[in-house]
Amino acid sequence: MEVKVLYHGEVFVLTRHWGDGAWCLQVTHPSQLRLPHVEFAGGYPNEYYVFLANLSPEELAGITYLDGRAVNIGALKTA
């Protein structure tokens, strides 16, 4: 599953990391590199992610679909 979501008011792609399958938000624009929890975790120079496991419950609750609906993170963790 890959879907565009909002995190800190920025568009990211919610996906699983290709290396270990962990749920993450993939950076979609270089300006997002300044945001909290962004880290390099790829084989190409532009592969930056925010891993959901590194976010607080409050930060997880702030991830929404583009239309404003909350993303059910609990459901993702069991998928």
Side-chain angles (χ1 to χ4, degrees):
M1 172 180 113
E2 288 190 0
V3 62
K4 290 184 179 180
V5 297
L6 293 174
Y7 170 69
H8 283 279
E10 300 271 347
V11 176
F12 284 78
V13 175
L14 175 64
T15 188
R16 288 188 179 266
H17 187 262
W18 58 267
D20 63 4
W23 284 105
C24 58
L25 304 176
Q26 185 174 15
V27 167
T28 61
H29 193 273
S31 66
Q32 297 169 330
L33 299 177
R34 63 176 166 64
L35 294 172
H37 305 289
V38 173
E39 60 185 275
F40 177 75
Y44 294 99
N46 62 344
E47 291 185 6
Y48 287 86
Y49 302 89
V50 174
F51 289 93
L52 299 189
N54 297 336
L55 300 180
S56 70
E58 293 80 16
E59 290 169 316
L60 290 171
I63 298 172
T64 66
Y65 292 106
L66 298 182
D67 65 5
R69 291 178 297 127
V71 175
N72 184 348
I73 302 298
L76 294 177
K77 291 182 178 180
T78 60

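Starting from 1, each residue takes its place in the sequence as its number.
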Query - Centroid-centroid distance, Y49 to H17, less than 6.0 Å - result: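 Yes, the ring centres sit under 6.0 Å apart.
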From [atom1] ([X]) to [atom2] ([Y]), nearest 0.5 Å:
{"X": "L52", "Y": "W23", "atom1": "CG", "atom2": "CH2", "result": "8.5 Å"}
{"X": "L6", "Y": "I63", "atom1": "CG", "atom2": "CD1", "result": "10.0 Å"}
{"X": "E39", "Y": "C24", "atom1": "CD", "atom2": "SG", "result": "9.5 Å"}
{"X": "E2", "Y": "L14", "atom1": "CD", "atom2": "CG", "result": "9.0 Å"}
{"X": "I73", "Y": "L60", "atom1": "CD1", "atom2": "CG", "result": "5.5 Å"}
{"X": "F12", "Y": "H29", "atom1": "CZ", "atom2": "NE2", "result": "11.5 Å"}

Requested in this report: Determine, using the 4.5 Å side-chain heavy-atom cutoff (strictly less than), whether V3 and Y7 are members of one ILVMFWY cluster.
Outcome: yes
Locate the shortest heavy-atom distance separating [X] from [Y]; write the atom from each residue and the value.
{"X": "F51", "Y": "A22", "result": "CD2-CB, 4.0 Å"}
{"X": "Q32", "Y": "V27", "result": "OE1-CG1, 3.3 Å"}
{"X": "L55", "Y": "H37", "result": "CD2-CD2, 3.3 Å"}

For V50, is there any backbone N or O sitting under 3.5 Å from a side-chain donor or acceptor partner on Q26?
no
Partner of E10 under side chain to side chain contact (heavy atoms under 4.5 Å, CB included), picked from L35, T28, V5, is L35
Residues passing the side-chain hydrogen bond (donor to acceptor under 3.5 Å, both in side chains) test with H8, sequence neighbours excluded, are none
Donor-acceptor pairs under 3.5 Å, side chain of residues 40-48 to any protein atom, not counting sequence neighbours: which ones?
{"unit_1": "E47", "atom_1": "OE1", "unit_2": "W18", "atom_2": "NE1", "d": "2.9"}
{"unit_1": "E47", "atom_1": "OE1", "unit_2": "G43", "atom_2": "N", "d": "3.1"}

(Q) Contact between L25 and V13 at the side-chain level, heavy atoms closer than 4.5 Å - yes or no? (A) no
